[in-house]
Amino acid sequence: MDRWRTIIEPFRIHSVEPVRMTTVDERETALRAAGWNLFNLHADDVLVDLLTDSGTGAMSRDQWAAVQHGDESYAGSPSWFAFLESVQVLFPYRHVIPTHQGRAAEKILFSVIGGPGKTIPNNTHFDTTRANVEFTGAEAVDLVIAEGRDPAALHPFKGNMDIEALDRLLAERAGSVPVVFVTITNNSGGGQPVSLENLRAVRAVCDRHGVPLFLDACRFAENAWFIKTREPGQADRSVPDIVREIASLADGMTMSAKKDGLANIGGWLALNDDDLARRCRDLLILTEGFPTYGGLAGRDLEAIAQGLREVVENDYLRYRIRSTAYLGEALDAAGVPVVKPFGGHAIYLDARALLSHIRPLEYPGQALAVALYREGGIRGCEIGTVMFGRHPDGSETPAAMDLVRLAIPRRTYTQSHVDYVIEVVRWVAERAASLRGFRIVDQPPALRHFTARFEPLD
Ligand SMILES: Cc1ncc(COP(=O)(O)O)c(C=O)c1O
């Protein structure tokens with residue numbers, strides 16, 4: 001299986017999408033018009049789009065065929081039952097509540113169980129998760145292990161929860177923690193996996209304190225592959241088997257099918273608690289739709305049902321994890337500071353280390369992301385002080401890390417695209433000393449990274 005070094009994509013290309021070449025001058029103009037915020041660009045002006053792996057993957061022939069089976073009945077559609085079966089094969093929770101994407105599941109759950117005075121711990125909250133917790137007035141606390149906050153620390157499961165810190169928090173805030181969350185893989189902490197051993201320990205702590213455990217399971221298949229390949233005793237297990245054990249350790253989950261659902265839209269909330277499920281469904285009907293479609297078309301439900309079968313295949317996951325590591329290994333060999341070990345869905349450049357002459361409150365991650373776009377048309381995403389530095393009271397402090405995430409859409413780019421990315425990142429890194437920071441000239445009160453406008457500092 002590992003006889004040959006070349007990673008080949010385990011698919012052939014069946015339908016192509018053109019990408020448009022642009023010049024540095026054209027990209028400079030686009031940047032000015034976008035207020036130096038890469039979210040504001042016209043995607044046609046992007047050559048290799050690594051902004052996110054969310055909803056940007058290529059669907060398979062069989063998913064497109066499944067789309068044709070989409071049944072758009074308002075209630076009880078066969079597509080709903082196909083979706084339900086596929087979800088419950090992997091996550092056999094009693095209640096599955098479909099939503100249009102992951103944050104809708106978060107919004108519904110936290111609206112029911114959050115609120116002022118409540119605390120919700122997580123290894124690391126993703127930005128929408130944190131925002132949805134805080135929107136209810138609750139506090140979102142990150143308790144990842146110390147290695148998970150150090151971009152250079154080597155640990156096979158850097159997404160693990162700090163068990164002692166969790167135990168302390170649950171003891172100190174007894175009665176005010178409605179749920180413990182674990183994000184697999186830990187996106188904001190570098191796409192790092194959580195081990196089965198850690199999940200079992202989290203479960204034990206939750207049981208001791210009588211608090212339910214939920215998974216933010218967006219990248220469950222990638223996490224399961226890391227368990228299979230890194231955790232002692234797991235190598236011979238199938239990925240679906242590992243996923244089912246992960247599911248069995250929790251009481252419920254939120255999910256964005258835009259990641260390991262291999263779909264372009266969709267998500268769900270799943271749980272065992274009947275009363276909580278009833279209250280969540282009541283909100284679902286108010287905000288998303290009837291419980292058998294929840295904001296999705298029947299064709300979307302079919303695409304997800306098929307995607308969930310494909311995402312747990314060994315050939316797919318081996319290619320997925322190896323091809324991401326290929327990008328990381330090349331940048332690391334070139335001396336570009338990157339978060340290690342490499343995560344599943346993205347390579348994270350350590351902008352704070354590379355641009356040490358730019359203070360965190362002048363946004364080194366933003367400076368690096370803008371430079372990669374300007375020079376090579378590559379769109380990455382700042383994950384640092386722009387994304388996490390502003391607090392609900394309006395104050396600002398440096399985030400734990402200033403990273404630029406190069407997220408790899410699933411089954412979308414070939415190795416030559418990745419080789420091009422390597423060349424551009426190296427070129428920019430060699431000239432890092434010439435980059436300047438930014439200041440924010442306009443921003444909303446929450447989730448500012450999506451819409452803020454910037455100006456380069458002199
Ligand atoms: C860990 C994690 N949780 C939640 C979400 C939110 O999902 P969605 O974008 O479908 O709302 C994301 C999206 O990137 C994520 O990575």
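Counting convention: from 1, in listed order, for ligands and their atoms alike. Just so you know, these numbers come straight off a predicted model, no measurement behind them.
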Nitrogen or oxygen of N187 less than 3.5 angstrom from that of ligand 1: yes
Show the atoms of ligand 1 that are less than 4.0 angstrom away from any heavy atom in T183. 1 (C)
Is there a polar contact, in the sense of an N or O pair closer than 3.5 Å, between G102 and ligand 1? yes
Please lay out, stage by stage, how D251 and R94 fare under the test salt bridge (charged side-chain N to carboxylate O under 4.0 Å, His left out). CA-CA 10 Å; D251 302 290; R94 254 203 313 278; over 6 Å; no
Give a yes/no on ligand 1: does C218 have at least one heavy atom closer than 4.0 angstrom to it? yes
Less than 6.0 angstrom separating the ring centers of F110 and F181, yes or no? yes
Determine the interplanar angle of the Y74 and Y293 rings, folded into 0 to 90°, and report it as parallel if under 30°, tilted if 30 to 60°, perpendicular if over 60°. perpendicular
Modelled atom types, side-chain donor and acceptor of D402 and T385, under 3.5 Å: yes
In terms of ring plane angle, is the pair F454 and Y363 parallel, tilted or perpendicular, where the classes change at 30° and 60°? perpendicular
Does the distance from a Lys or Arg side-chain N to an Asp or Glu carboxylate O, for D274 and R278, drop under 4.0 Å? no
Charged N to carboxylate O under 4.0 angstrom, E106 versus R130? no
One finds that the ligand 1 atoms under 4.0 Å from a non-hydrogen atom of R103 are 7 (O), 8 (P), 9 (O), 11 (O)
Ligand 1 contact on K258 by region, counting heavy-atom pairs under 4.0 Å: side chain
Short N/O distance, under 3.5 Å, between T185 and ligand 1? no
SB check R410 D53 (cutoff 4.0 Å): yes
min-distance protein heavy atom vs atom 13 (C) of ligand 1 -> K259 NZ, 2.4 Å
How close does the nearest protein non-hydrogen atom get to atom 6 (C) of ligand 1, and which residue and atom is it? T128 OG1, 3.5 Å
For atom 5 (C) of ligand 1, closest protein heavy-atom neighbour: F126 CD2, 3.5 Å
Starting from atom 4 (C) of ligand 1, which protein heavy atom do you reach first, and at what distance in Å? E106 OE2, 3.1 Å
Per atom 8 (P) of ligand 1, closest listed option by heavy atom (R130, H100, Q101): Q101
Which residue and heavy atom of the protein sit nearest atom 3 (N) of ligand 1, plus the separation: D216 OD2, 2.7 Å
Decide, yes or no, whether a salt bridge links E231 with R237 under the criterion of side-chain N to carboxylate O below 4.0 Å. no
heavy-atom search around atom 10 (O) of ligand 1 in the protein gives S256 OG, 2.7 Å
